[in-house]
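When a residue number appears, it is its place in the shown sequence, counting from 1.
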Amino acid sequence: VGSQKERVVTEEEWLQKWETGNIGFHKEERHPLLQKYLDVLLNGRSGLRIFFPLCGKAVEMKWLADMGHSVVGVEVSEQAVKEFFSEHSLPYCEEPVPEISGAKMFQSTSGNISLYCCSIYDLSSSIVGKFDGVWDRGALVAVNPCDRQRYASLMINLVEKNSSYLLVTVSYDPNKHKGPPFYVPESEIKSLFG
């Protein structure tokens with residue numbers, strides 16, 4: 001963990017991964033853990049607002065939207081956002097986000113998928129509202145270790161009281177891989193999210 005603690009991946013490095021197609025973290029199929037634990041996320045409820053932090057072009061966004069949920073994502077790469085809409089043949093409109101300099105919001109014309117193109121740290125509940133559920137498949141493990149507390153605080157601020165938060169992490173020897181994905185021990189997850 002010591003070797004990863006100081007590691008910082010810049011926004012430019014993430015953008016370059018998208019530009020060069022170095023996106024091994026993107027999966028073409030729905031994540032088996034989301035399928036397995038979907039009932040935990042939904043908890044018998046319909047029409048939820050579900051948040052996808054650092055969403056990339058996750059296929060699960062369309063899947064959940066097709067079930068009648070409202071999906072909101074945030075992604076720093078405009079290329080990833082546009083590829084999501086293109087690959088699913090979804091028409092969309094694009095508009096600036098007045099509260100965030102340079103940010104754009106891409107929304108499906110059906111209105112049930114809204115993807116913000118900006119830094120996740122520029123978001124707040126006053127801009128995107130609150131969520132009933134979060135699918136964190138690769139966000140916490142992608143966040144720089146020095147930013148985890150800031151990230152967790154934002155996530156806690158974005159969820160409703162009775163929300164469900166599904167989090168996927170990876171377990172490995174952090175001395176053998178510099179990350180991302182970063183190793184986040186269970187004890188740290190508990191201290192971050194309570």
Sidechain-backbone polar pair: [X] side chain, [Y] backbone, donor-acceptor under 3.5 Å:
X: Tyr183; Y: Asp173; value: no
X: Arg49; Y: Lys130; value: yes
X: Asn144; Y: Cys146; value: no
X: Arg148; Y: Leu192; value: no
X: Thr20; Y: Gln16; value: yes
X: Lys27; Y: Gly24; value: yes
X: Glu11; Y: Ser119; value: no
X: Glu60; Y: Gln35; value: no

Write down the atom of [X], the atom of [Y], and the distance for their closest heavy-atom approach.
X: Asn157; Y: Ser125; answer: OD1-OG, 3.3 Å
X: Cys117; Y: Val76; answer: SG-O, 3.6 Å
X: Cys55; Y: Met61; answer: CB-SD, 3.7 Å
X: Arg30; Y: Val59; answer: N-CG2, 3.8 Å
X: Ser164; Y: Val40; answer: OG-O, 3.0 Å
X: Pro53; Y: Ile120; answer: CB-CD1, 3.7 Å

Would a hydrophobic clustering, with Ile, Leu, Val, Met, Phe, Trp and Tyr connected at side-chain separations under 4.5 Å, put [X] with [Y]?
X: Met67; Y: Leu48; value: yes
X: Val134; Y: Tyr121; value: yes
X: Val9; Y: Leu140; value: no
X: Ile50; Y: Ile127; value: no
X: Val71; Y: Val128; value: no

Glu83/Gln79 under side-chain hydrogen bond (donor to acceptor under 3.5 Å, both in side chains): CA gap, chis, key distance, verdict
CA-CA 6 Å; Glu83 284 179 12; Gln79 176 184 337; 2.8 Å; yes

Side-chain contact, heavy-atom cut-off 4.5 Å: [X] with [Y]?
X: Leu54; Y: Val143; answer: yes
X: Leu34; Y: Arg137; answer: no
X: Leu166; Y: Leu38; answer: no
X: Val141; Y: Phe25; answer: no
X: Ser108; Y: Phe85; answer: yes
X: Glu186; Y: Thr169; answer: no
X: Pro180; Y: Arg7; answer: yes

Rounded distance (nearest 0.5 Å) linking atom [atom1] of [X] with atom [atom2] of [Y]:
X: His69; Y: Leu41; atom1: NE2; atom2: CG; value: 7.5 Å
X: Lys178; Y: Glu6; atom1: NZ; atom2: CD; value: 14.5 Å
X: Met105; Y: Cys118; atom1: CE; atom2: SG; value: 11.0 Å
X: Ser46; Y: Asp132; atom1: OG; atom2: CG; value: 10.5 Å

Look at atom CD of Glu12 and say whether more than 12 heavy atoms of other residues, nucleotides or ligands are closer to it than 6.0 Å.
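Enclosed.
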
Within the supplied structure, the quantity of interest is the number of heavy atoms (other residues, nucleotides, ligands) at a distance under 6.0 Å from Asn162 CG; does it exceed 12?
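No, not enclosed.
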
For residues 90-103, which side-chain donor-acceptor pairs fall under 3.5 Å, sequence neighbours excluded?
from, atom 1, to, atom 2, distance (Å)
Glu94, OE2, Lys104, NZ, 3.3

Could you check Leu64 against Phe52 for side chain to side chain contact (heavy atoms under 4.5 Å, CB included), going step by step and ending with a plain yes or no?
CA-CA 11 Å; Leu64 287 167; Phe52 279 67; 3.7 Å; yes

Salt bridge check, Glu13 against Lys17: does any charged N sit closer than 4.0 Å to a carboxylate O?
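A salt bridge is absent here (no side-chain N lies under 4.0 Å from a carboxylate O).
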
Do Lys57 and Glu87 sit within salt-bridge range, that is, some charged N less than 4.0 Å from a carboxylate O?
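Yes, this pair counts.
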
Phe84: which residues meet the ring pair (Phe, Tyr, Trp, His ring centres under 6.0 Å) condition with it, sequence neighbours left out?
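In terms of ring pair (Phe, Tyr, Trp, His ring centres under 6.0 Å), with neighbours along the sequence ignored, Phe84 is linked to His88.
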
Positive for ring pair (Phe, Tyr, Trp, His ring centres under 6.0 Å) with Phe51, one of Phe131, Tyr116, Trp135, Tyr165:
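The residue from Phe131, Tyr116, Trp135, Tyr165 that satisfies ring pair (Phe, Tyr, Trp, His ring centres under 6.0 Å) with Phe51 turns out to be Phe131.
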
